[in-house]
Amino acid sequence: MSPKQFFYIALMNNIKNYKASKDLLKDRVILVTGAGQGIGRVAALTYARYGATVILHGRNIKKLESLYDEIETKGGAQAAIIPFDYEKVEGKDLEVVAQAINSQLGRLDGILHNAAFISSLTQLENQSLEQWLVTLRVNLAAPIALTRSCLPLLKASPDASVIMTSDTHGHYPAAYWGGYAVAKAGVEALVKIQAQEWEVHKNMRINALIPGPVNTSQRAKTHPGEAKHGLSRPQDLMSTYLYLMGPASQGVSGESVFC
Ligand SMILES: NC(=O)c1ccc[n+]([C@@H]2O[C@H](COP(=O)([O-])OP(=O)(O)OC[C@H]3O[C@@H](n4cnc5c(N)ncnc54)[C@H](OP(=O)(O)O)[C@@H]3O)[C@@H](O)[C@H]2O)c1
């Protein structure tokens, strides 16, 4: 077994046996993209439950406000809402987002890149240039740009973790998954490149997280009519989301972690 394989098996064992302490994310500020529904919503609630101040991103303000209220009702730290559409946002808007985080919260210790867009599964010959551009923008280019804008805040954090959500079909591309799979494969390449570039910054790590099949609207879109009982629920994955966001994953960077 190579040292790399040994490291990965040890990592998966650590995650399997991981039990987060109640104050794991106390005093940390964490941005969750695509927090309005599905896995992102449950991850934001979970990070808040473990002490984080959570910045909620999405397009639908009503959904974000309902999540904000739920965090407050459950006794979490007051959240913040940053709504924008990855299809429309420009680089300069993302600079403003980072400045707003700095002026309102004064720090950023983690980003969960969770927002994603997938159109219907179809052959490459049916995917137009316009669909390709939207898919690569929402799933890959805009999240990279957001991370870049937040870099000064992440560098200033004593322990910063960036999680990029990938997909089994990004890791193992397959027919009909088209631009979405290519974007997610790009996410995993990006994570490896960024991790190497951050090797000099011992306080920063970045990893790809692969949820597997989870009962959400995205899954219903890609697998209509599928029986739900065999699927994971978002809450079943949260131990891995906590492990990668919290200090237990210090020293782990550039990995693709399967839930
Ligand atoms: N569910 C699965 O089986 C599965 C499997 C593998 C990987 N994943 C990955 O896990 C992550 C979460 O998936 P999910 O199943 O929870 O998906 P979901 O329920 O469809 O949620 C996707 C989120 O992305 C946000 N979003 C979509 N387009 C956006 C845009 N243009 N600008 C800003 N936000 C946008 C949505 O925001 P609004 O609410 O504002 O619309 C929504 O909150 C994704 O990265 C997905 O690729 C999921």
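Just follow the structure's listing: the first ligand is 1, and inside any ligand the first atom is 1.
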At a 4.0 angstrom heavy-atom cut-off, ligand 1 is contacted by G34, G36, Q37, G38, I39, H57, G58, R59, N60, K63, F84, D85, Y86, E87, N114, A115, A116, V138, T165, S166, D167, Y180, K184, P211, G212, P213, V214, T216, S217, Q218, R219
If you group Ile, Leu, Val, Met, Phe, Trp and Tyr by side-chain heavy-atom gaps below 4.5 Å, do L64 and L112 land in one group? yes
Partners of Y176 by ring pair (Phe, Tyr, Trp, His ring centres under 6.0 Å), sequence neighbours excluded? none
For V182, the hydrophobic cluster (side chain heavy atoms closer than 4.5 Å, chained through members) also holds L124, W132, L136
Please determine which of L209, N207, I206 meets the side-chain contact (heavy atoms from CB on, under 4.5 Å) test together with M164. I206
The side chain to side chain donor-acceptor pair (under 3.5 Å) partners of E87 (sequence neighbours excluded) come to none
Please tell me whether Q218 and Y180 have a donor and an acceptor in their side chains that are separated by less than 3.5 angstrom. yes
